[in-house]
Amino acid sequence: MRVTFDATVDEIAEAHVRLFLATPGADRDRRVAALLTGGFIATLLFFLLSGFHPIVSAPVALLAGGFGFWQYRREFERVVRRRAARAVVEQLGEDAPVPTSVDLLPEGLVIEQLGSTHRIEWERISQLVDRPVGVELRAERPAALLVVRARAFANIVQRAAFVRLARKYLAEAEASAVPLDDLPSISTV
């Protein structure tokens, strides 16, 4: 089954951001950036208020630093989204919709976008979620997130058939997977 749609720059960036935010590195980066922002604000305010007694300037600087830390943690995701969208536009060379096609085949997903073809085997798909915005397929090793937008489907019947077929292929891939216990052991000397 093949579906086609035009992906917007914001949608492509959103998928990249969601992948990034799901990694342990994203939370670490958020904490580090928030600490640096809070520390910078606290230090700056402490020196600006250095004419006052330290009993006055230190608490004010610490409160301002705490506010900077809290505010940056809230803004981190927005900043990452904006930078990802800018990076996607740089990669594409323009802010124009990207024609995308997705084929469901027994071997896996075949995605055609920007003149290149990518294949993701069903064994790598870890999650299929039918959301109002579209059908999400998350892959592991390497991580990938494909969102087949709702507008790719002519009607709800076609969308249901797409999801049913994808789930069928996923179940077949899971059933044919060899459990780790059944693999031959390798002994080393």
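We count residues from 1, following the sequence as given.
The hydrophobic cluster containing Val133 does not contain Val17, counting ILVMFWY residues as joined when their side-chain heavy atoms lie under 4.5 angstrom apart, directly or transitively. Under the 4.5 Å side-chain heavy-atom criterion for ILVMFWY residues, a single connected hydrophobic cluster contains both Leu128 and Tyr169. One hydrophobic cluster holds both Phe5 and Val135 under the rule that ILVMFWY side chains link at heavy-atom gaps under 4.5 Å. In this structure, Val148 is a member of the same hydrophobic cluster as Leu170, with clusters built from ILVMFWY side-chain heavy atoms closer than 4.5 Å.
By the 4.5 Å heavy-atom criterion applied to side chains, Glu123 and Glu174 are not counted as neighbours. Between Val102 and Leu109, some side-chain heavy-atom pair lies under the 4.5 Å cut-off. With a 4.5 Å cut-off on side-chain heavy atoms, Thr100 and Asp6 do not count as touching. In this structure, the side chains of Gln127 and Glu136 stay at 4.5 Å or more apart for every pair of heavy atoms. Side-chain contact between Val98 and Leu114 is present, with at least one heavy-atom pair separated by less than 4.5 Å. Side-chain contact between Arg18 and Arg138 is present, with heavy atoms from C-beta onward closer than 4.5 Å.
The distance from the CZ atom of Arg78 to the CZ atom of Arg83 is 10.5 Å, given to the nearest 0.5 Å. With rounding to the nearest 0.5 angstrom, the CG atom of Leu104 is 12.0 Å from the CZ atom of Arg167. With rounding to the nearest 0.5 angstrom, the CD atom of Glu121 is 11.5 Å from the CG atom of Leu105. Of the inter-residue distances, the one linking Ile125 atom CD1 with Leu137 atom CG reads 5.5 Å to the nearest 0.5 angstrom. With rounding to the nearest 0.5 angstrom, the CH2 atom of Trp122 is 10.5 Å from the CD atom of Glu107.
Sorted by first and then second residue, the ring pair (Phe, Tyr, Trp, His ring centres under 6.0 Å) pairs involving residues 125-160 (not counting sequence neighbours) are Phe153-Phe162.
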Please determine whether side chain to side chain contact (heavy atoms under 4.5 Å, CB included) holds for the pair Glu14 and Val147, giving the CA-CA distance in whole Å, both sets of side-chain angles, and the decisive distance to 0.1 Å. CA-CA 10 Å; Glu14 174 71 21; Val147 182; over 6 Å; no
Run the numbers on Arg86 and Glu90 for salt bridge (Lys or Arg N to Asp or Glu O under 4.0 Å), then give the verdict. CA-CA 6 Å; Arg86 199 173 359 189; Glu90 283 180 20; 5.6 Å; no
Between Val110 and Thr117, is the side chain to side chain contact (heavy atoms under 4.5 Å, CB included) condition met? List the steps. CA-CA 7 Å; Val110 177; Thr117 303; 3.5 Å; yes
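Residues Pro132 and Ala150 approach most closely at O-CB, 3.8 Å, considering heavy atoms. Taking each heavy atom of Ala85 and Val9 in turn, the nearest pair found is O-CG1, 3.8 Å. The minimum heavy-atom distance linking Ile120 with Ala139 is given by the pair CG2-CB, 3.9 Å.
Between Asp130 and Arg159 there is a salt bridge, since at least one side-chain N of the basic residue sits less than 4.0 Å from a carboxylate O of the acidic one. Using a 4.0 Å cut-off between a side-chain N of Lys or Arg and a carboxylate O of Asp or Glu, Arg81 and Glu11 do not qualify as a salt bridge.
Every side chain to side chain contact (heavy atoms under 4.5 Å, CB included) that Arg2 has, sequence neighbours left out, goes to Thr4, Ser101, Asp103, Glu112.
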